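All values derive from a computational prediction rather than experimental measurement. All heavy atoms count here, side chains included; hydrogens, waters and symmetry mates do not.
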Amino acid sequence: MSDSAGSRTKTLNFNVGVLGHVDSGKTSLARSLSSTASTAAFDKNPQSRERGITLDLGFSSFTVDLPHHLRDSVAQQQYDSLQFTLVDCPGHASLIRTIIGGAQIIDLMMLVVDVVKGVQTQTAECLLIGELTCPRMVVVLNKIDLLPANKRQSAIEKMTKRLHKTLESTRFKDCPVIAVAAKPGGPEAAETEEPQGVPDLIELLKTQTYLPQRDPGGDLLMAVDHCFSIRGQGTVMTGTILQGSLAINDTVEIPALKVTKKVKSVQMFRKPVSGAMQGDRVGVCVTQFDPKLLERGVVCTPGSLRTLYAAVISVRKIGYFKGSLSTRAKFHITVGHETVMARVAFFGLPPVGASEPPSDTKAPPEACSLETRFTFDREYFYQDQYLTGQGEANSGPDPEQWALLEFERPVTCPSLCLVIGSKLDTDIHANACRLAFQGCLLQGFEDKGYAETTLLRLRIYKTKHKEGQVERVTDDYTVIGRNLFKKETNLQLFVGLKVTLSTGETGVIEGGFGQSGKFKIRIQDGLLPETKQLLSSTSKKKGKGGNKGGPANEEEPKADSQPVSIHLHFKRYVFDPHKKMVQS
């Protein structure tokens, strides 16, 4: 929203993420597209210069006349030019967390592919991040100057075909592919070499623009990617406004430092402006603080962000991830602009016929919306791992499910934000996707002692099944059972629980019988005649001379006739401190 002081020109800002495998030539491409380099741009990081790769999110921009197709839709806002802000995301695999940070503010993705090497591991990961965070994409085949002139056209066509095949199953199928040479001769070549195909790329980018949904309302959230001080003026933070808006004299909070600061001035690409809103790339000067304390992070409306120790998220496995998603495993969780380790526990809806194991759970309709139907009022079924669609691969959508994340250190983030779980410790050279699951943050736990407080409201249960045998009948309404409990079990805990006999009768555990873990069952409706017969014939075969219930029968081998078994089903809530047994 750049109202420069004197003139009334307004520029529409459009964020283009430049992603791709390391060394595909992203930075050279951004450089050849750009006219104004913003402060964070082009490998300012010393480590990056040494390695010749982008380590932080570089930003740069160029401005063009407003394309015709946008003129009608932006007439009311009086924009007269279009500024492309290029967000150059790092390509090194170990820096994937930075890419995820950059991808949350992107309107269009430009995927740069080395025409000679084609799609590599990181290219695929970039594609996934794009699918999660961005509605449109353009593929740029770079380094066409490395192809022999006589075979160039056929090589480009072949690679374009391969890419369209790769993209077929993604949301970017049929996206445009264009070939360029951003830096003919490579990084060492003289600057006089003209880039090839760049003007065509600019025209293509113009055709792909749309009016992004920008909302100045709501709390401010700005992603800061660079911070420096100007003597006598204050500290400048550069970044992109993810939501809300800011203006001169506003008070903003820097949650990481637990301080609030006053906005003294705002600039957009070196032009002073009075304010800025969602989607704008800005430099904000605030009252002095040590810039070293905040190289990257977020700035927000005071009190609007929450610091979480744990969270419940909706969860979907990422199809290309080959590993399993197991409860109690640790994953790198990227949430807001932070990546932190967390232990994960998966849970889902109770299976149909609630006491069965969850193998027959029917998958719900296609992926639920982000605000998936989680509520503390429901009961959920504990899962040892994430459940995929039934049967063979992709035979149905995955069942609706959630995960509890317990963070190793607290994270600061907005509510309902995107969450990505990955295994970043996987070998970066292995040709495997490290992004494991994605979801939406639905419920955050801000209390450090959440395990003793909020977690108790989360009603996730496990089902238990115990099996024993009827030892003998005492009368038509009472039997003695064995092998259901260990000798040392406190039987009082089980008194009053319902059991079912394999012959169909139901009964209630009345208490212990003797000292060896045996117990008495009361059969309310009485034993069926067949059951009595079965049990009396069993006990007759058991040898005649045992004294009543005494030790002589204690270790009797099982009779040939199938003894009547006793089944006890109950459930336990995972977070119930009393470990109470519940029967529905």
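- Using cut-offs of 30° and 60° on the angle between ring planes, the pair Y450 and F445 is parallel.
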- [ ] Apply side-chain contact (heavy atoms from CB on, under 4.5 Å) to the pair L405 and V419, showing each step before the final yes or no.
- [x] CA-CA 10 Å; L405 307 179; V419 177; 4.1 Å; yes

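- E530 CD: more than 12 foreign heavy atoms inside a 6.0 Å radius.
- Using a 4.5 Å heavy-atom threshold, the side chains of V224 and M222 count as touching.
- Residues R343 and E406 are not paired through a salt bridge, judged by the lack of any N-O separation under 4.0 Å between the basic side chain and the carboxylate.
- Considering CD of Q443 and CG of L308, their distance stands at 9.5 Å, rounded to 0.5 Å.
- No more than 12 heavy atoms of other residues, nucleotides or ligands lie within 6.0 Å of CZ in R162, so this atom counts as exposed by the packing criterion.
- Annotation for Q524: atom CD counts as buried by contact number, over 12 foreign heavy atoms lying within 6.0 Å.
- Remark: aromatic rings of F437 and F331 are close, center separation under 6.0 Å.
- The shortest side-chain heavy-atom distance between R171 and P135 falls under the 4.5 Å cut-off.
- When side chains are defined from C-beta on, V344 does not count as touching T327, because their heavy atoms never get closer than 4.5 Å.
- Between L455 and L404, the closest side-chain pair of non-hydrogen atoms falls below 4.5 Å.
- Ring centroids of F347 and F381 are separated by 6.0 Å or more, keeping the two rings apart.
- Counting non-hydrogen atoms of neighbouring residues, nucleotides and ligands closer than 6.0 angstrom, the CZ atom of R409 exceeds 12 such neighbours.
- In this structure, CG on L387 lies 12.5 Å from CD on E400, to the nearest 0.5 angstrom.
- One finds the CE atom of M109 at 8.5 Å from the SG atom of C175 (value rounded to the nearest 0.5 Å).
- Taking every heavy atom of both residues into account, L305 and P255 meet most closely at CD1-CG, 3.9 Å.
- Side-chain contact between F485 and N490 is absent, with no heavy-atom pair separated by less than 4.5 Å.
- For Y382 and Y380, the ring centers are positioned 6.0 Å apart or more.
- Between H332 and R434 the shortest side-chain heavy-atom distance does not fall below 4.5 Å.
- Counting heavy atoms from C-beta outward, R572 and M581 have side chains that approach closer than 4.5 Å.
- A donor-acceptor pair is defined here as one N or O able to donate and one able to accept, closer than 3.5 Å; such a pair exists between the side chain of T170 and the backbone of F172.
- Remark: K571 NZ is packed, more than 12 non-hydrogen atoms of other residues, nucleotides or ligands lying under 6.0 Å away.
- Residues E253 and T260 meet the side-chain proximity criterion, which asks for heavy atoms closer than 4.5 Å.
- A donor and an acceptor atom, one from each side chain of S565 and H567, are located under 3.5 Å apart.
- The environment of NE2 in H465 is crowded: more than 12 heavy-atom neighbours from other residues, nucleotides or ligands sit within 6.0 Å.
- Atom CG of D576 sits in a crowded spot, with more than 12 heavy atoms from other residues, nucleotides or ligands closer than 6.0 Å.
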